[in-house]
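Chain identifiers are assigned alphabetically (A, B, ...) following the order of the sequence lines, protein sequences preceding nucleic acid strands; residue numbering begins at 1 within each chain. Just the heavy atoms: all of them, side chains too, but no hydrogens, waters or symmetry mates, feed the values below.
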2 protein chains.
Amino acid sequence: MSADESVTLTLQQVADLAHAVLRRHGLAEAHVGPVAATIIAGERDECASHGVYRLLNCVHTLNGGKVVPDAVPVVDPVSPALLRVDAAGGFAQLAFATGLPLLVEKARAMGIAAMGINRCVHFAALWPEIESLTDQGLIAFACTPSHAWVAPAGGTSPLFGTNPIAFGWPRPGGDPFVFDFATSAVARGEIELHRRAGKPIPEGWTIDAQGHPTTDAEAGLAGALLTFGGHKGSALSAMVELIAGPLIGDMTSAESLAHDDGAKASPYGGELIIAIDPAGFLGATAAEHMQRAEALFDGITGQGARLPSQRRFAARRRTPEQGCRIPRAFYEELAALS
Amino acid sequence: MSADESVTLTLQQVADLAHAVLRRHGLAEAHVGPVAATIIAGERDECASHGVYRLLNCVHTLNGGKVVPDAVPVVDPVSPALLRVDAAGGFAQLAFATGLPLLVEKARAMGIAAMGINRCVHFAALWPEIESLTDQGLIAFACTPSHAWVAPAGGTSPLFGTNPIAFGWPRPGGDPFVFDFATSAVARGEIELHRRAGKPIPEGWTIDAQGHPTTDAEAGLAGALLTFGGHKGSALSAMVELIAGPLIGDMTSAESLAHDDGAKASPYGGELIIAIDPAGFLGATAAEHMQRAEALFDGITGQGARLPSQRRFAARRRTPEQGCRIPRAFYEELAALS
């Protein structure tokens with residue numbers, strides 16, 4: 001990307017752009033900050049697909065009436081170790097932020113706690129939520145269904161969502177260990193990019209509408225994505241459907257897609273977050289055992305392998321100085337929406 | 001396998017054989033029943049690798065002094081939602097059985113609960129434990145490290161165990177939804193079988209001692225297994241190391257292999273089990289939402305895909321009538337140990 005083809009924005013300019021676009025399209029003030037925060041975090045960490053690019057999804061979902069722009073989340077403290085947050089049709093971010101303090105409190109008191117978010121619109125990565133728990137010294141797990149775009153292993157038609165799974169482990173004095181990945185072989189957007197470029201896609205990404213493997217992006221989008229890792233990824237994807245769907249009284253990916261009714265808005269439904277306090281099992285000896293975890297991380301990096309979020313954290317140190325590069329055409333599209 | 005090459009045992013004969021072999025090699029009576037039960041369940045479900053075949057591992061581990069044959073598990077009810085069971089160096093089964101009632105009680109009271117088993121010798125599949133929780137109407141998750149045989153994605157040498165992940169979801173009036181898989185690309189025993197047969201192994205299973213991909217079984221065993229699903233499976237494997245290792249104050253797979261010190265005994269360390277009560281989040285409406293989960297299962301089987309444990313459950317209906325076929329040479333080896 002040459003200087004002509006891109007613009008470089010400071011993080012403050014990214015923030016101003018995100019706030020302006022969201023406000024302009026009617027998102028209530030209480031939501032603007034939390035929603036913009038995940039978009040800013042995406043640019044800051046050079047996750048382009050979760051940066052300002054996602055503002056287009058937000059605007060499309062807002063304009064289509066598929067999100068309640070001024071929803072007020074309501075917390076239900078179900079049990080000493082559980083809580084639910086009714087997002088009331090709004091974006092997930094404010095619901096998460098509203099429930100977070102009680103989740104942290106319950107995890108510290110009980111050692112383990114789970115939060116179910118219901119009736120939320122979800123378009124973001126899960127790692128910002130994971131990191132808000134590791135920041136407080138907690139271990140975190142999160143998952144959410146999406147829209148039914150993915151076939152189960154051995155199947156022929158879409159049933160599962162891209163169903164991301166994310167996990168975080170706090171590290172004393174350093175970046176947390178964090179992963180966040182779709183249980184589909186690839187993101188749907190990746191196939192879309194191949195379709196636009198007229199390029200074939202690798203085998204193992206999709207099947208066509210007849211259930212046969214295809215390397216044609218168009219045919220794959222009309223068919224179904226495959227899960228990563230064959231039947232194992234498929235089993236994990238089913239688990240996400242269950243524990244972030246019926247377990248918390250919310251939709252499966254098939255139900256979310258039916259609810260969408262052709263609007264092509266962001267997925268709607270639930271999210272499950274589990275938080276564990278390292279001091280829960282171990283009390284005062286936790287620190288000593290967390291130190292043994294460091295030996296595991298050293299064992300990974302010491303042999304030249306990467307930790308899952310290593311590139312994101314490196315970008316995070318770079319962008320406050322160097323700014324974020326955004327394709328010019330895309331920036332102009334967004335500026336017109338602001 | 002012709003009739004000459006195999007023997008057919010009733011489940012009762014399998015049980016008698018397992019009990020006799022374990023007793024003969026000094027396993028205390030309190031352990032014999034729980035350990036034999038997982039071996040009998042393996043044969044009943046036609047999981048040959050977890051059936052009487054595992055008696056050889058048990059005998060090897062007992063003879064090598066790498067398990068405490070008369071260990072008495074001790075339960076520590078850490079918090080309202082957590083418990084630990086110190087297996088005191090014994091096989092995991094009795095420790096699990098000892099902690100199970102309290103785990104169930106805590107899960108029902110709190111909605112979610114976790115049990116850490118420490119200092120246990122683990123050689124079995126996780127699904128028998130998962131099913132003892134789904135039998136009580138609970139959702140269950142379990143994982144355990146093993147010995148360091150698996151390289152992280154992008155790495156060159158063994159660090160992770162085969163690190164299985166298992167999950168179960170109770171289904172009203174039917175077999176539960178259960179999966180249980182290694183996060184390695186394949187079981188180590190599978191490579192051993194190729195080595196014995198002098199057959200090449202598929203790409204993607206192993207790397208050699210220099211960290212290069214290899215299809216030579218011998219070179220692969222001297223190097224490292226790979227994880228399933230590339231960097232995603234590798235991330236999950238790291239998660240297992242952390243949450244069933246340092247989180248509960250127990251060993252990583254590298255520490256377990258060091259502890260083994262060349263004895264080639266079963267892995268030693270911890271196991272984490274999480275149980276969730278469907279009524280926790282949903283109260284009286286749980287049944288209605290569990291019914292929506294059935295639509296997901298119908299969506300899987302309705303398109304010709306299999307549920308993860310479908311073959312096991314089919315075998316379970318067959319073997320009480322038809323018995324279990326075991327290679328004759330292997331049966332004779334076991335009979336000599338009984």
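Of the residues listed (F313(B), W169(B), F297(B)), the one engaging F177(B) in a ring-ring contact (aromatic ring centres under 6.0 Å, His included) is F297(B), and it is the only one.
For the options G302(A), A81(A), G233(A), A235(A), heavy-atom pairs under 4.5 Å to chain B are most numerous at A235(A). Contact count against chain B (heavy-atom pairs under 4.5 Å) is highest for R84(A) among E241(A), R306(A), R84(A). Heavy-atom pairs under 4.5 Å with chain B were tallied for G111(A), A293(A), G249(A), G154(A); the largest tally goes to G249(A). Between chain A and the options M251(B), M290(B), H231(B), E255(B), the largest number of non-hydrogen pairs under 4.5 Å is found for E255(B). In terms of non-hydrogen atom pairs under 4.5 Å with chain A, the most contact-rich of I165(B), L236(B), T183(B) is L236(B). Contact count versus chain A (heavy atoms, under 4.5 Å) is highest, among A182(B), A151(B), A148(B), for A182(B). Looking only at heavy-atom pairs under 4.5 Å with chain A, the residue among L242(B), I300(B), T252(B) that has the most is L242(B). For chain B, the option among G245(A), A109(A), G230(A), G280(A) with the highest count of heavy-atom pairs below 4.5 Å is G280(A). Heavy-atom pairs under 4.5 Å with chain B peak, among E288(A), M110(A), K232(A), at K232(A). Here G155(B) is the residue among G299(B), G155(B), A185(B) with the most heavy-atom pairs under 4.5 Å with chain A. Considering only heavy-atom pairs separated by less than 4.5 Å from chain A, the leading option among I243(B), V78(B), L159(B) is L159(B). Ranking G229(A), A238(A), P246(A), A305(A) against chain B, the residue ahead of the rest is P246(A), based on heavy-atom pairs under 4.5 Å.
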Intermediate values then yes/no, side-chain hydrogen bond (donor to acceptor under 3.5 Å, both in side chains), T162(B) and S146(B)
CA-CA 6 Å; T162(B) 49; S146(B) 65; 3.1 Å; yes
Steps toward side chain to side chain contact (heavy atoms under 4.5 Å, CB included) verdict (T144(B), L272(B)):
CA-CA 7 Å; T144(B) 179; L272(B) 179 72; over 6 Å; no
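A salt bridge links R119(A) and D86(A); the closest N-O separation between the charged side-chain nitrogens and carboxylate oxygens is under 4.0 Å. Taking 4.0 Å as the cut-off between side-chain N and carboxylate O, R312(A) and E131(A) count as a salt-bridged pair.
From Q310(B), atom CD reaches atom OG1 of T301(B) across 7.0 Å, with rounding to the nearest 0.5 Å. From S234(B), atom OG reaches atom CE of M239(B) across 12.0 Å, with rounding to the nearest 0.5 Å.
Looking at S157(A), the atoms closer than 4.5 Å to chain B (heavy atoms on both sides) sit in the backbone and in the side chain alike. Looking at A153(B), the atoms closer than 4.5 Å to chain A (heavy atoms on both sides) all sit in the backbone: N, CA, C or O. Only the side chain of I139(A) comes within contact range of chain B, with at least one heavy atom under 4.5 Å from a heavy atom of that chain.
Side-chain atoms of T156(B) and Q210(B) include no donor-acceptor pair closer than 3.5 Å. One side chain, N118(B) or D250(B), offers a donor N or O that lies under 3.5 Å from an acceptor on the other.
The aromatic ring centres of F179(B) and F167(B) sit less than 6.0 Å apart.
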